[in-house]
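Some notes on the structure that comes next.
Residue numbering restarts at 1 for every chain, and letters A, B, ... go by the order of the sequence lines.
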Amino acid sequence: MPELPEVETIKRQLSREIIGKKLEGDKVVGVRRRAKILIIDFTDGSSLIFHLKLTGQLILNGEASKHTRCIFKFDDGSNLVFNDMRKFGWWKKIASTKKLEESFGPEALEVSLTEFKKILSKRPKAKIKALLMDQKAIAGIGNIYSDEILFLSKVRPLRLIVSLMQSEVSSIWANIGRILKRAVKLRGTSERSYVDARGKKGNYLKELKVYRRENKKCFRCGTLIKREKLGSRSAHYCPNCQK
DNA sequence: CAATCGTCCTGCGGGC
DNA sequence: TGCCCGCAGGACGATT
């Protein structure tokens, strides 16, 4: 599922390739990411925005398949193929991204420890994993990376924020940066259908410690990884390492 | 304020 | 072998 590292990877690849090209008469002046949204900016101030949701793909000069929803053609003959097997993803042209940008909390890779503590203090009764995945609180983290961040921080996903010690909060904050940066470096996690803008899989899958590892041995202590429901989602954790 | 449920969708794995 | 069932989940709106 494309989260911050996956969308960031696509953003970086696209910005190298499509800036200066024209799409339906408008010249591309920039490619950005906000939360899990990919933004293509045009000369006239408008933007084309995408949410890949669970199975969306954006592939440069990709080949059309039965999952192809749209093909965007540039003036130089190159194109951008939007595939989405599950059809949850979407795209739209908007005149301004102002409202969109304001609808999200601070970027996960830009939030300071002080800011992070302030965000947590406003939601004492929320579960920590739910907050990490709440785009209005912190933007960019989804199910996979929230599990991984909490494993590294030795904190159970269902812990209430009010119960967290300051040392745990600091650890979670540090690991948000650590894990997301490492995942960007490895071009994301291809757990399901994710591929980058060149159609290649990301390499973070082999670094996953808990996500989708239910009943497998914890790499740290050997205890079997557990899975618990958090709303409609799964939270994976080591019942021994994580308190 | 927090949690839950329904909604969108379809490939895939489990069970028989 | 093949078929059916239900799970997986990001985000949003309505409800409790």
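Minimum atom distance to the side chain of A:R227 is reached by C:dA8, of the listed B:dA2, B:dC8, C:dA8. Closest to the side chain of A:K36, out of C:dG10, B:dA2, B:dT10, is C:dG10. Of the candidate nucleotides B:dA3, C:dA8, C:dG10, C:dG10 has the atom lying nearest to any side-chain atom of A:N143.
Following rounding to the nearest Å, A:E3 (CD) and C:dA11 (P) show an atom-to-atom distance of 9 Å. Rounded to an integer number of Å, the gap from CE of A:M1 to P of B:dG11 is 18 Å. Distance CD (A:E228) to C1' (C:dA8): 18 Å, rounded to an integer number of Å. Between the CD1 atom of A:I37 and the P atom of C:dC12 there is a distance of 8 Å, given to the nearest Å. Nucleotide C:dC7 holds its P atom 17 Å from the CD atom of A:E191, rounded to whole Å. Whole-Å rounding puts the A:L52 CG to B:dC9 C1' distance at 16 Å. Distance, A:L230 CG to C:dA8 P: 13 Å, rounded to whole Å. Straight-line distance from the NZ atom of A:K127 to the P atom of B:dC1: 17 Å, rounded to whole Å.
Annotation for A:K217: atom NZ does not count as buried by contact number, only 12 or fewer foreign heavy atoms lying within 6.0 Å. Counting non-hydrogen atoms of other residues, nucleotides and ligands closer than 6.0 Å to CD of A:E102 gives a total above 12.
Map A:A130 and A:S232 each onto its nearest nucleotide of DNA chain B; the residue landing nearer the 5' end is A:A130. For A:K87 and A:P124, each mapped to the nucleotide of DNA chain B holding its nearest heavy atom, the one lying further toward the 5' end belongs to A:P124.
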Carefully, step by step, assess A:S190 and A:L205 under the rule side-chain contact (heavy atoms from CB on, under 4.5 Å). CA-CA 6 Å; A:S190 290; A:L205 183 67; 5.6 Å; no

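Considering only side-chain N and O atoms, A:K122 lies nowhere under 4.0 angstrom from the phosphate OP1 or OP2 of B:dC1. Side-chain nitrogen and oxygen atoms of A:H51 include at least one within less than 4.0 Å of the OP1 or OP2 phosphate oxygen of C:dA11. Dashed line: the shortest gap from a side-chain N or O of A:R233 to OP1 or OP2 of B:dT4 is not under 4.0 Å. Remark: A:Q135 is in phosphate contact with C:dA11, judged by side-chain N or O atoms under 4.0 Å from OP1 or OP2. At C:dA8, none of the side-chain N or O atoms of A:R192 fall inside 4.0 Å of OP1 or OP2 (strictly under the cut-off).
At a threshold of 4.0 angstrom between heavy atoms, the contacts of A:K53 include nucleobase atoms, whether or not backbone atoms are also involved. A:T55 comes within 4.0 angstrom of nothing in the nucleic acid, heavy atoms only. In this structure, A:Y211 reaches the sugar-phosphate backbone alone: every heavy-atom distance under 4.0 Å involves primed, P, OP1 or OP2 atoms, never a base.
Separating the CG atom in A:D147 from the CG atom in A:L208 is a distance of 9.5 Å, to the nearest 0.5 Å.
Taking the six-membered ring for Trp and the full ring otherwise, A:F72 and A:F50 have centroids separated by under 6.0 Å.
By the 4.0 Å N-to-carboxylate-O rule, A:K118 lies too far from A:E115 to be salt-bridged with it.
Defining each end axis of the helix from B:dA2-C:dT16 to B:dC16-C:dG2 as the rotation carrying four pairs' C1' atoms onto the next four, with five pairs an end, the two axes are found to diverge by 60° to 10 degrees.
Of the options A:I172, A:V169, A:V162, a side-chain contact (heavy atoms from CB on, under 4.5 Å) to A:L120 is made by A:V169 and by none of the others.
Classification of the A:H236-A:Y211 ring pair by plane angle, with boundaries at 30° and 60°, yields perpendicular.
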